[in-house]
Amino acid sequence: MADMSYAMYYNKALAEKALDNVERWKAHCADLENTIRGQKDQIDAWNMHYLGLEAERDYLLTVLDDRCGGANKNPARELTNEELRIPNGARKGQRLQKRDVVYLKKVRELAQTRFKQWSDWWDLIRGSRIFD
């Protein structure tokens, strides 16, 4: 009888320990879900910011187009002698414009100085939606 009593308490202790582990994992998973939700909110905020900047850029290019007498006379839209082509997006395959070169030079500079984890910055550009 004593052996059964010991086994019962032993099994009860194991079950309580397992329950504690499950409860800790539930709490940990809930914390992770909150962290992920917060990160998603930050990503959404940056996406909205990026789209806002894109709208501002398009507006400014349109103003320049109007002031220069058309898009074909806008110096920011002049084609470069670069052999590189737009890697993706609506302008995929088109030659770079001067504004693209300004952008790409800045990205390259930042990759070499501040964001060294992006030393393969051209792969980052090719795999992103930057030129959409």
Side-chain angles (χ1 to χ4, degrees):
M1 201 58 125
D3 288 339
M4 285 187 72
S5 175
Y6 172 77
M8 183 177 74
Y9 286 115
Y10 180 75
N11 285 335
K12 182 179 177 191
L14 287 178
E16 288 173 354
K17 184 177 178 182
L19 184 61
D20 284 347
N21 284 339
V22 168
E23 293 303 319
R24 276 188 287 155
W25 274 106
K26 282 182 180 178
H28 180 66
C29 289
D31 288 343
L32 288 175
E33 286 176 355
N34 289 334
T35 300
I36 290 169
R37 195 172 2 269
Q39 294 295 321
K40 184 183 176 318
D41 290 346
Q42 285 183 343
I43 290 169
D44 289 345
W46 278 107
N47 281 335
M48 285 190 302
H49 174 68
Y50 175 73
L51 292 171
L53 289 175
E54 201 172 77
E56 178 185 35
R57 180 202 64 205
D58 292 343
Y59 166 74
L60 293 172
L61 278 171
T62 302
V63 169
L64 278 172
D65 290 347
D66 292 346
R67 296 287 169 113
C68 294
N72 58 339
K73 295 180 181 177
N74 181 345
R77 292 188 188 267
E78 283 181 27
L79 296 178
T80 66
N81 293 328
E82 303 285 335
E83 286 301 316
L84 294 175
R85 303 290 178 158
I86 301 294
N88 55 33
R91 296 173 46 217
K92 182 177 181 171
Q94 293 180 7
R95 283 185 35 211
L96 295 178
Q97 297 176 351
K98 288 189 177 184
R99 65 190 178 108
D100 301 319
V101 173
V102 170
Y103 170 82
L104 292 171
K105 283 182 178 178
K106 185 62 175 181
V107 168
R108 182 183 64 201
E109 174 195 322
L110 290 170
Q112 292 171 345
T113 57
R114 289 181 48 200
F115 303 100
K116 294 186 183 209
Q117 71 271 27
W118 295 114
S119 59
D120 58 348
W121 64 274
W122 184 245
D123 288 338
L124 170 70
I125 297 296
R126 281 195 339 235
S128 65
R129 295 180 10 202
I130 296 203
F131 294 100
D132 281 354

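We count residues from 1, following the sequence as given.
Between the OG1 atom of Thr62 and the CZ atom of Arg57 there is a distance of 10.0 Å, given to the nearest 0.5 Å. From Glu23, atom CD reaches atom NE2 of His28 across 14.5 Å, with rounding to the nearest 0.5 Å. In this structure, Lys116 NZ and Leu110 CG are separated by 12.0 Å, a value rounded to the nearest 0.5 Å. Residue Lys92 holds its NZ atom at 13.0 Å from CZ of Arg85, rounded to the nearest 0.5 Å.
Across every non-hydrogen atom of Leu61 and Asn74, the tightest pair is O-ND2, 3.6 Å. Contact detail for Arg91 and Asp100: the closest heavy-atom pair is NH2-OD2, 2.5 Å.
Counting non-hydrogen atoms of other residues, nucleotides and ligands closer than 6.0 Å to CD of Gln117 gives a total above 12. More than 12 heavy-atom neighbours from other residues, nucleotides or ligands sit within 6.0 angstrom of CG on Asn21. Summarising the local packing, CH2 of Trp118 is surrounded by 12 or fewer heavy atoms from other residues, nucleotides or ligands at distances under 6.0 Å.
Applying the salt bridge (Lys or Arg N to Asp or Glu O under 4.0 Å) definition to pairs two or more places apart or across chains, those involving residues 34-43 are Lys40-Asp44.
Annotation: side-chain hydrogen bond (donor to acceptor under 3.5 Å, both in side chains) contacts of Asp123 (sequence neighbours excluded): Arg126. Scanning for salt bridge (charged side-chain N to carboxylate O under 4.0 Å, His left out) contacts around Arg95 gives an empty result, with sequence neighbours left out. Residues passing the side-chain contact (heavy atoms from CB on, under 4.5 Å) test with Glu78, sequence neighbours excluded: Pro75, Lys98.
Tyr103 is not listed as a side-chain neighbour of Lys106, based on a closest heavy-atom distance of 4.5 Å or more. Asp65 places a side-chain heavy atom less than 4.5 Å from the side chain of Arg77. Trp121 places a side-chain heavy atom less than 4.5 Å from the side chain of Leu104.
A single hydrophobic cluster is not seen to contain both Leu124 and Ile86; linkage of ILVMFWY side chains at heavy-atom distances under 4.5 Å, directly or through other members, places them apart.
At least one donor-acceptor pair under 3.5 Å links the side chain of Asn88 to the backbone N or O of Ile125.
Under the 4.5 angstrom side-chain criterion for Ile, Leu, Val, Met, Phe, Trp and Tyr, the cluster partners of Tyr59 are Leu60, Val63. Other residues sharing the hydrophobic cluster of Leu79, ordered by chain and number and joined by side-chain separations under 4.5 Å: none, the residue standing alone.
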